[in-house]
Amino acid sequence: MSPLVSTLHLYDIANVKGVAADLSHCNTPSQVVDFTGTSELASSLKGVDVVVIPAGVPRKPGMTRDDLFNINANIVKSLVEAVADNCPEAFIHMISNPVNSTVPIAAEVLKQKGVYDPKKLFGVTTLDVVRANTFVAQKKNLKLIDVDVPVVGGHAGITILPLLSKTRPSVSFTDEEIQELTVRIQNAGTEVVEAKAGAGSATLSMAYAAARFVESSLRALDGDGDVYECSYVQSDLTDLPFFASRVKLSNKGVEALISSDLQGLTEYEQKALDALKPELKASIEKGVTFVQKQAVAA
Ligand SMILES: NC(=O)C1=CN([C@@H]2O[C@H](COP(=O)(O)OP(=O)(O)OC[C@H]3O[C@@H](n4cnc5c(N)ncnc54)[C@H](O)[C@@H]3O)[C@@H](O)[C@H]2O)C=CC1
Ligand SMILES: O=C([O-])CC(=O)C(=O)O
């Protein structure tokens, strides 16, 4: 059966077309379905294998991703309920911010519905990897296609941790370069928000990143045994219940978390990892509490 890809309330039609166009060379035939109203949702979700959720409000200058929580938490919750009811076995790709909280929200909703499969819920952090690869390639005059920087942690500010020491091919950086690249990668989303001056956040680069992650998922669903991506998933690599790392994908979802990237960190990376944990922990707890409180109130 051909995997179906549903894009729930994708931000604009250009991006739906962007995702579809970027997927057109896939070996696996795929179809991108766009929804504009929840009435279509239930019937359109039946039989879908990959659901991409980018619904919700974007940032304006001066806002953090967490400032979107109050609006986007409810949006994400209702869409994940629809997924749980109609295609509980689908891979879910969560784009809506704050990803650090919306993924835990989705997990709680799926648990309440009795259909949570942690291997199939993904926070999309691909754009962080795309940015890290791009900035490193530019800085070191490398071909972009050759560069691969694992980005771990989460998807907001200091929780975005590019592991430059693990860049492939092996590259050496000065301390100044590491500091400059790390901050640039962490702030790249904010840079776009400021440049767009109230007109939203990254859209075309996000469509590209989403298409890459969807294509990787389709390859994995198709039985390709060599698919690796960074993603924010349920994890036991650290003491946090959700953590972004490289993962190996299979047709069952996350087949393995790649722990080797977290071994032999530089002092800079280890400090940054320690520093991001309290913020990421709080964002996870905020998402979990949001769903649990609503359940108690209901
Ligand atoms: N994970 C990542 O790397 C990235 C995440 N984002 C996030 O993606 C989300 C969307 O951003 P944009 O596409 O730029 O925003 P946008 O404003 O262009 O599009 C938002 C879409 O959400 C839909 N929507 C709004 N309220 C809804 C509701 N109640 N139910 C269902 N759909 C609803 C709108 O109809 C619209 O199609 C934001 O939360 C943004 O922060 C954006 C870029 C990168
Ligand atoms: O920065 C934002 O608000 C959107 C986003 O997550 C990104 O571009 O990485």
Side-chain angles (χ1 to χ4, degrees), residues 6-19 33-42 44-45 51-83 92-103 105-106 121-135 151 153-162 183-214 229-233 242 244 283 287:
S6 288
T7 310
L8 299 185
H9 301 265
L10 196 66
Y11 14 97
D12 59 44
I13 194 69
N15 283 347
V16 177
K17 286 184 181 146
V19 171
V33 189
D34 173 37
F35 302 99
T36 49
T38 41
S39 57
E40 299 168 31
L41 205 53
S44 308
L45 281 174
V51 177
V52 184
I53 303 184
V57 289
R59 288 198 279 164
K60 292 197 183 317
M63 293 173 82
T64 65
R65 290 178 180 82
D66 184 60
D67 290 333
L68 305 173
F69 187 99
N70 288 344
I71 300 181
N72 290 353
N74 271 313
I75 294 174
V76 163
K77 181 171 177 281
S78 63
L79 291 175
V80 175
E81 283 167 353
V83 174
I92 300 176
H93 292 186
M94 184 64 70
I95 292 174
S96 313
N97 272 314
V99 167
N100 290 355
S101 301
T102 52
V103 169
I105 287 173
L121 175 61
F122 303 91
V124 180
T125 57
T126 320
L127 187 49
D128 300 316
V129 174
V130 169
R131 287 167 173 156
N133 293 350
T134 304
F135 301 154
V151 183
H155 180 69
I158 63 160
T159 72
I160 300 168
L161 176 55
V183 170
R184 176 105 201 265
I185 295 159
Q186 290 175 332
N187 287 341
T190 306
E191 212 181 291
V192 176
V193 169
E194 281 166 5
K196 289 179 96 168
S201 56
T203 49
L204 294 178
S205 55
M206 185 59 244
Y208 169 76
R212 168 174 156 168
F213 196 63
V214 169
E229 287 286 353
C230 285
S231 181
Y232 178 65
V233 294
F242 293 91
S283 300

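The shown structure was predicted, so the numbers you read here are calculated from the model rather than taken from an experiment. Remember, it's 1-based here, ligands and their atoms both numbered in the order they're listed.
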For E191, what residues pass the side-chain hydrogen bond (donor to acceptor under 3.5 Å, both in side chains) criterion, not counting sequence neighbours?
R184
Among M63, M206, R59, R65, whose heavy atom sits nearest atom 7 (C) of ligand 2?
R65
Heavy-atom proximity to atom 24 (N) of ligand 1, best of A207, A188, G56
G56
Report the part of [X] in contact with ligand 1, treating N, CA, C, O as backbone and CB onward as side chain, heavy atoms under 4.0 Å; options are side chain, backbone, both, neither.
X	result
D128	neither
A55	both
L68	side chain
N74	neither

How long is the gap from [atom1] on [X] to [atom2] on [Y], to the nearest 0.5 Å?
X	Y	atom1	atom2	result
I105	N74	CD1	CG	8.0 Å
I75	L68	CD1	CG	9.5 Å
S205	L127	OG	CG	4.5 Å
L121	F242	CG	CZ	6.5 Å
D128	C230	CG	SG	9.0 Å

Hey, which of V124, T126, V52 is the one that makes side chain to side chain contact (heavy atoms under 4.5 Å, CB included) with V214?
V52
Show me which atoms of ligand 2 lie under 4.0 Å from any heavy atom of [X].
X	result
S201	2 (C), 3 (O), 4 (C)
H155	5 (C), 6 (O), 7 (C), 9 (O)
A202	8 (O)

List ligand 1 atoms under 4.0 Å from [X], heavy atoms only on the residue side.
X	answer
A202	42 (C), 43 (C)
T203	14 (O)
S201	14 (O), 42 (C)
V57	38 (C), 39 (O)
P54	8 (O), 9 (C), 10 (C)

Examine [X] against ligand 1 and note whether any of their N/O atoms are separated by less than 3.5 Å.
X	result
I75	no
V99	no
N97	yes
N72	yes

Please report whether ligand 2 has a polar contact with N97, defined as an N or O pair separated by less than 3.5 Å (distance criterion only).
yes
State whether the side chain of N72 and the backbone N or O of A55 hold a donor-acceptor pair below 3.5 Å, judged by distance alone.
no
Donor-acceptor pair, S283 side chain versus S101 backbone, under 3.5 Å?
no
If you measure from each heavy atom of H155 to ligand 1, is any distance below 4.0 Å?
yes
I'd like to know whether ligand 1 has G200 as a neighbour, heavy-atom separation below 4.0 Å.
no
Short side-chain donor-acceptor distance under 3.5 Å, R59 and T190:
yes
Is it true that N100 and T159 share a donor-acceptor pair across their side chains at a distance under 3.5 Å?
yes
Specify whether F122 and H93 have parallel, tilted or perpendicular ring planes, treating 30° as the upper limit for parallel and 60° as the lower limit for perpendicular.
perpendicular
Any idea which part of R131 is under 4.0 Å from ligand 2, heavy-atom wise: side chain, backbone, both or neither?
side chain
Between M94 and V80, does the side-chain contact (heavy atoms from CB on, under 4.5 Å) criterion hold? Intermediate values first, please.
CA-CA 10 Å; M94 184 64 70; V80 175; 4.0 Å; yes
